[in-house]
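First up is the structure itself, then whatever we jot down about it.
Numbering of ligands and ligand atoms starts at 1, following listing order. Note that the numbering runs from 1 along the sequence shown for the chain. The figures here come from the full heavy-atom set of this structure, side chains too, leaving out hydrogens, waters and symmetry mates. All of these numbers come straight from a predicted model, not from anything done at the bench.
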Amino acid sequence: MITLTRRGVLAATTGGAALAATLAAPMVARAQGAAFRIGLILPMTGPFASTGRQIDAAVKAYLRQHGETHGGRRVEVLLRDDTGTAPDTTRRLAQELIVRERVKALAGFGLTPLALATAPLATEAKVPMVVMAAATSIIPQRSPFILRTSFTLPQATRPMAQWAARNGIRTCATLVTDYAPGIDAETAFKQSFTAAGGTIPLEVRTPLRNPDYAPFLQRVRDTAPNALFIFCPSGEGAAITKQFAERGLPQAGVRLIGTGDVLDDDILNDMGDSVLGAVTSHHYSAAHDSAENRAFLEAFRAILPNARPNFMAAGGYDGMHLIAQMLARTNGSEDGERLVAAAKGLSWMSPRGPVTIDAETRDIVQDIYIRRAERRDGQIWNIEFDRIPQVKD
Ligand code: PHB
C-alpha cells in the first residue's frame with residue numbers, strides 16, 4: 001500500500017519542501033486583528049485579460065459595497081497575474097501565495113487548465129479554492145477544497161439545445177473551442193438536441209491558441225444547417241461573430257445560437273447589428289431585471305466606469321460573497337475544512353438570481369435564462385425571455 005503523506009506529495013511539486021515545512025510547523029495562534037488573506041489569481045494580461053479585469057473589478061465592487069470585514073476578519077486580497085495560458089505559472093503563483101504570503105483561500109482561475117493544475121495544491125494545503133470563472137464540469141471533483149461560483153458548460157448548454165429543438169431548428173452544426181469546456185459543450189448539445197429529435201450535420205473544433213475562424217465558418221456555410229451552436233471562451237465571441245457575418249451566414253439562413261460566452265456582455269455592444277436576434281443561454285445577463293443586479297451594476301461601475309459587467313464579473317462577485325459568508329459562519333476561521341463545510345448548501349440572491357452551493361458537489365446550482373440579442377436605447381443587450389429554474393451541472 002502506498003501512503004501519500006502531506007509532506008511526500010508536496011515535496012514532489014516544485015518548491016514543495018517549503019510548503020511542506022510550513023504545513024508541518026506547529027499551529028501558531030493568529031495575531032488578533034490579522035487580515036484574512038485571499039490569493040486571487042487571474043489572467044490580467046494576454047488573450048483572456050478581459051476575464052481578469054472583470055473579476056478583479058467585481059471583487060473590489062463587492063468589498064466596497066459590503067465592507068472589508070467579515071466574521072470579524074479584515075479581508076486582504078493579493079492579486080496575481082497568471083497570463084491565462086500557462087498552467088505551471090498558475091500553480092507556482094498559488095504555491096507562493098500559500099507558502100510565502102500565507103493566504104487562507106485561493107480564488108479566480110480564468111480557464112479550466114489553470115484550475116486543474118492548481119487543484120492538487122488546494123488539497124495538500126487544505127486551502128479553499130473558489131473557482132470564479134473556469135467552467136468544465138469535472139473541476140470540483142479534482143479537490144474537496146474546490147467551490148465554484150461560475151457555471152458549467154453542460155448546465156448552460158442543455159437548455160439551449162432543448163429550446164432550439166422546440167423552436168423550429170431541425171439541423172444544427174456545432175462549433176466549439178477545442179479544449180475541455182468546448183468538449184463539454186459539444187457533448188451536452190449533441191445529447192440533448194438529438195434526444196429532442198434534432199440532427200447535427202457538422203461538428204467543428206477550433207484551436208484555443210490563435211484561432212482563425214474563417215475556414216471553419218465557410219464549412220458551416222457549405223453545410224447550410226438551420227442554425228450554428230457556438231461555444232468559445234469569454235472574449236473570443238467578437239472574432240467569431242465578425243466572421244459569422246463576413247462569411248454571409250445570416251444571408252444563407254443560418255441562425256446563430258450558443259452559450260452566453262459568445263455574446264459576452266463585455267464586448268456585446270461592439271458586435272454590431274449582425275448579432276441582433278441571436279439566441280443564447282446563460283446564467284447572467286447585465287440586463288437582468290432585479291434589485292440585486294441594479295446594485296451590482298452600480299457598484300461595478302464605481303470601479304470600472306466605462307465597462308459593463310459580464311458573467312465573469314458575476315462569478316467574481318458571488319465568489320467574494322461566498323468567502324465573506326464562509327468567514328461570517330465560522331467567526332473568521334482559517335481552518336480550510338471548516339471554511340469549506342460552511343460553504344456547503346449556502347443559498348443567496350445573486351445579481352443573476354437565486355443560487356445555491358450544492359452540499360455534495362460544491363458546484364453552483366442556478367437558473368439558466370434563454371436570451372435574445374436586442375437593441376434597447378441604442379445599446380445591444382441579451383434580453384432574457386425564458387428561465388429554467390435551479391439547473392444543476
Ligand atoms: C474555461 O476555460 O473553463 C472557460 C473559460 C472561459 C469561458 C468558459 C469556460 O467563457
Side-chain angles (χ1 to χ4, degrees), residues 41-44 46-56 58 82-87 89-91 107-119 129-143 146-158 160 174-189 205-209 211 229-241 258-268 271 280-286 308-316 318-319 352 363-364 366 368 371 382 393:
I41 311 179
L42 292 170
M44 300 304 295
F48 305 103
S50 73
T51 293
R53 193 175 60 107
Q54 286 274 341
I55 294 179
D56 175 42
D82 66 5
T83 75
T85 54
T89 304
T90 311
R91 188 177 49 225
F109 306 102
L111 288 98
T112 290
L114 315 175
L116 294 179
T118 310
M129 171 172 161
V130 179
V131 174
M132 296 169 158
T136 299
S137 192
I138 197 167
I139 291 171
Q141 295 172 36
R142 293 297 177 89
S143 169
I146 292 180
L147 302 153
R148 174 151 51 190
T149 58
S150 52
F151 73 108
T152 84
L153 265 310
Q155 184 181 51
T157 299
R158 287 194 200 103
M160 183 74 260
T174 60
L175 182 151
V176 302
T177 305
D178 192 6
Y179 76 129
I183 310 308
D184 267 7
E186 184 191 85
T187 307
F189 190 85
R205 296 179 182 178
T206 59
L208 178 61
R209 283 163 198 260
F229 167 84
I230 304 178
F231 162 77
C232 62
S234 179
E236 281 297 313
I240 298 187
T241 54
T259 62
D261 307 70
V262 184
L263 297 198
D264 174 348
D265 266 304
D266 193 42
I267 48 181
L268 173 62
M271 287 183 180
T280 55
S281 56
H282 232 202
H283 53 290
Y284 179 72
S285 165
R308 193 193 280 185
N310 68 2
F311 64 97
M312 292 298 188
D318 283 331
R352 62 185 103 175
D363 221 333
I364 192 159
Q366 57 194 333
I368 297 294
R371 314 94 50 87
N382 291 311
D393 171 44

Taking only heavy atoms of [X] into account, list the atoms of ligand 1 that are under 4.0 Å away from them.
X      : value
Pro181 : 1 (C), 2 (O), 3 (O)
Met312 : 6 (C), 7 (C), 10 (O)
Ala135 : 1 (C), 3 (O), 9 (C)
Phe311 : 10 (O)
Pro233 : 5 (C), 6 (C), 7 (C), 10 (O)
Ser234 : 6 (C), 7 (C), 10 (O)

Which donor-acceptor pairs under 3.5 Å do side chains of residues 132-141 form with protein atoms, sequence neighbours excluded?
unit_1, atom_1, unit_2, atom_2, d
Thr136, OG1, Thr112, OG1, 2.6
Ser137, OG, Asp393, OD1, 3.1
Ser137, OG, Asp393, OD2, 2.5

[X], portion touching ligand 1 at heavy-atom distance under 4.0 Å:
X      : result
Ala134 : both
Phe231 : side chain
Phe48  : neither
Asp261 : side chain

Closest protein heavy atom to atom 4 (C) of ligand 1, given as residue, atom name and distance to 0.1 Å:
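Looking at atom 4 (C) of ligand 1, the protein heavy atom closest to it is Tyr179 OH, 3.4 Å.
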The protein heavy atom nearest to atom 3 (O) of ligand 1 is Thr112 OG1, 2.5 Å
If I take atom CG from residue Asp184 and atom OG1 from residue Thr157, how far apart are they, to the nearest 0.5 angstrom?
8.0 Å
Yes or no: does Gly110 have any heavy atom under 4.0 Å from an atom of ligand 1?
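Contact check Gly110 vs ligand 1: positive.
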Would you call Ala133 a ligand 1 contact, heavy-atom distance under 4.0 Å?
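Ala133: no contact with ligand 1 (<4.0 Å).
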Looking at every non-hydrogen atom in both residues, tell me the closest pair between Phe151 and Ala156 and how far apart they are.
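So the minimum-distance heavy-atom pair works out to CD1-CB, 4.0 Å.
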Counterpart residues, salt bridge (Lys or Arg N to Asp or Glu O under 4.0 Å), relative to Arg308 (two or more places apart):
Asp265
Check: [X] side chain, [Y] main-chain N or O, donor-acceptor pair, under 3.5 Å:
X      : Y      : answer
Arg142 : Ala115 : no
Gln54  : Gly316 : no
Arg371 : Tyr284 : yes

Evaluate side chain to side chain contact (heavy atoms under 4.5 Å, CB included) for Ile230 paired with Thr174, printing each intermediate quantity in order.
CA-CA 6 Å; Ile230 304 178; Thr174 60; over 6 Å; no
What I want to check is whether the side chains of Asn382 and Ser285 have a donor and an acceptor closer together than 3.5 Å.
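Not at all, the side chains of Asn382 and Ser285 share no donor-acceptor pair under 3.5 Å.
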